[in-house]
There are 2 protein chains.
Amino acid sequence: MAEEHGAAGAIDTRDLPIRDPYPHLSPTAQRILEAAIRILDREGFNALTFEAIAAESGENRASIRYHFGSKAGLVSVLVDAVMYDGSLELIGAVAHTEAGEQRRRALIEAHREVALRVHEYTAFYDLVPHIVRDPELRERFRQLFVWYRDLDSWALSGSDDPAAGNPYRQLATLTTAMLDGLGLQLLADPDFDLRPAFDLWARMVCDYVERIAAG
Amino acid sequence: MAEEHGAAGAIDTRDLPIRDPYPHLSPTAQRILEAAIRILDREGFNALTFEAIAAESGENRASIRYHFGSKAGLVSVLVDAVMYDGSLELIGAVAHTEAGEQRRRALIEAHREVALRVHEYTAFYDLVPHIVRDPELRERFRQLFVWYRDLDSWALSGSDDPAAGNPYRQLATLTTAMLDGLGLQLLADPDFDLRPAFDLWARMVCDYVERIAAG
DNA sequence: GTCTATATTGGGATAGAC
DNA sequence: GTCTATCCCAATATAGAC
């Protein structure tokens, strides 16, 4: 009675516009990248200097340039790592669910979990100004949104057929926007309880999906 | 048959957690501030140096420090100016509308207009990382969100009584989040057409409001 | 591959002339 | 109130020793 995993895997990591940077890095480079992410979370983009990264990682200043070429090279990999982490969680939650109501619930629950963790949004919003002004990074950013809308509409449709997601495309756009926007309100006030708002959204989505399904 | 303006003005600029910085500035300081905003829009926060502002405004480097005390002082006023501009437009759209359907429509139309102009979101998202890390700025940011939720729920309720907005508070949170999130998607892709998504949102809001009103 | 030392740039702050 | 000159510092980049 369970769906075949192959079918449910119609959307997986291979469709992601970004890839996991870690497997392509030497152990030293991985340590540097991890240190850079910690600094970005804690102190923001402006604190992301070779000096600070060297201290945090235990590596030498010059070693950072050796492994990543330049500041821009490091930032590019950093952006991939942050984006990839966020996407991976969503894929993991829905990729192997059965078609139908179960998948829709899994998607909404995964969204809720992500939304409630402000910590990841700090690094994300720190990177946005730089992503938007770098043509290459912005293109990856754009593709990531496309991917999010694809995944969301696919999961909302509850069908394994990607084309079935089309009626849900605008709803997916709204859901993605909602999550980013709620993250911003959480940044403004870490004590703000966004669960009631999220619950309302989940109800509105379910109502809408039922109406679509009913014709 | 029209409501009194005094009553419709239950929410106005006096309730804003930030004030218009311009009236308190000398003509020179105003020119400097305008130049700073242009640079922020065009080149981002990192390009916002005394050097660049002096060149853009035609004023002298030292004059900037004289008028704003320090870089942080300038940024603080800059944040107020950007936030105030966004808020003013929304107030203008709904403050003098009649209670009921007209006000709800005015609110939604005002939101649509703001959402479609990516240009203002660039400066906003450039400032976010700095706002979030400065306790004073973040507090004003938090209060601004509270104000947005108040205004939105008040306008959605269609009543002049502020308390009538309570059932719409979560919906207001979602609307605010939606707009910020759509702005982000527009930053990622200026050609992305978010009107269909916005139309869907307007419909979902109307449906919800009708259901609440019906009891 | 790794590190030291140094070059170069550009930021904000300060003091004081006008 | 406005501007000039200068100081200090921190950042990335470079060259070359090991």
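Every chain is numbered from 1, with letters handed out A, B, ... down the list of sequences. Remember, it's a predicted structure, so these values are computed and weren't measured experimentally.
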Note to self: Quick check: on DNA chain D, is the nucleotide nearest Glu51(A) upstream (toward 5') of the one nearest Ala62(A), or the reverse? Name the residue that is more 5'.
What the structure shows: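 Comparing both residues, the 5'-ward one is Glu51(A).
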Next item on the list: Between Asn60(A) and Ala52(B), just flag the one whose closest nucleotide in DNA chain C comes earlier from the 5' side.
Entry: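 Of the two residues, Asn60(A) wins.
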Notebook entry, point to check: With distance as the sole criterion, is a donor-acceptor pair present between the side chains of Gln185(B) and Arg142(A) under 3.5 Å?
Noted result: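 Absent: no donor and acceptor within the cut-off.
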Margin query: With no hydrogens and no angle check, just 3.5 Å: does a side-chain donor-acceptor pair link Arg42(B) and Thr122(B)?
Written below: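 There is no such pair between these side chains.
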Measuring to OP1 and OP2 of [N], would you say a side-chain N or O of [X] lies under 4.0 angstrom away?
| X | N | value |
| --- | --- | --- |
| Arg61(B) | dT4(D) | no |
| Tyr66(A) | dG1(C) | yes |
| Thr28(B) | dT2(D) | yes |
| His67(A) | dG1(C) | no |

Please state how far atom [atom1] in [X] lies from atom [atom2] in [N], giving the value in whole angstrom units.
| X | N | atom1 | atom2 | value |
| --- | --- | --- | --- | --- |
| Asn46(B) | dA11(D) | CG | P | 13 Å |
| Leu74(A) | dA13(D) | CG | C1' | 15 Å |
| Lys71(A) | dA10(D) | NZ | P | 15 Å |
| Ile64(B) | dG11(C) | CD1 | C1' | 13 Å |
| Arg65(B) | dT6(D) | CZ | C1' | 14 Å |

Checklist line | Aromatic plane relationship, His130(A) with Phe45(A) - under 30° parallel, 30 to 60° tilted, over 60° perpendicular | finding: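 Rings of Phe45(A) and His130(A): parallel, as their planes differ by under 30°.
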Notebook entry, point to check: Using the ring of each side chain (for Trp, its six-membered ring), is Tyr125(A) parallel, tilted or perpendicular to Tyr125(B), with breaks at 30° and 60°?
Noted result: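 Taking Tyr125(B) first and then Tyr125(A), their aromatic rings lie parallel (interplane angle under 30°).
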Notebook entry, point to check: Do we get Arg203(B) above Phe198(B)'s six-membered ring, with its NZ or CZ under 6.0 Å from the centre and within 45° of the axis?
Noted result: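 Not satisfied by the 6.0 Å and 45° rule.
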Margin query: Of the options dA13(C), dC3(C), dT14(D), whose atoms approach the side-chain atoms of Phe50(B) most closely?
Written below: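 Within the option list, the nearest is dA13(C).
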Notebook entry, point to check: Among the nucleotides dC3(D), dA11(D), dA13(D), which one has an atom lying closest to any side-chain atom of Glu59(B)?
Noted result: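 Given the options dC3(D), dA11(D), dA13(D), the side chain of Glu59(B) is closest to dC3(D).
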Margin query: Does Leu48(A) reach a base, just sugar-phosphate, or nothing at all? Heavy atoms under 4.0 Å.
Written below: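 Touches sugar-phosphate only.
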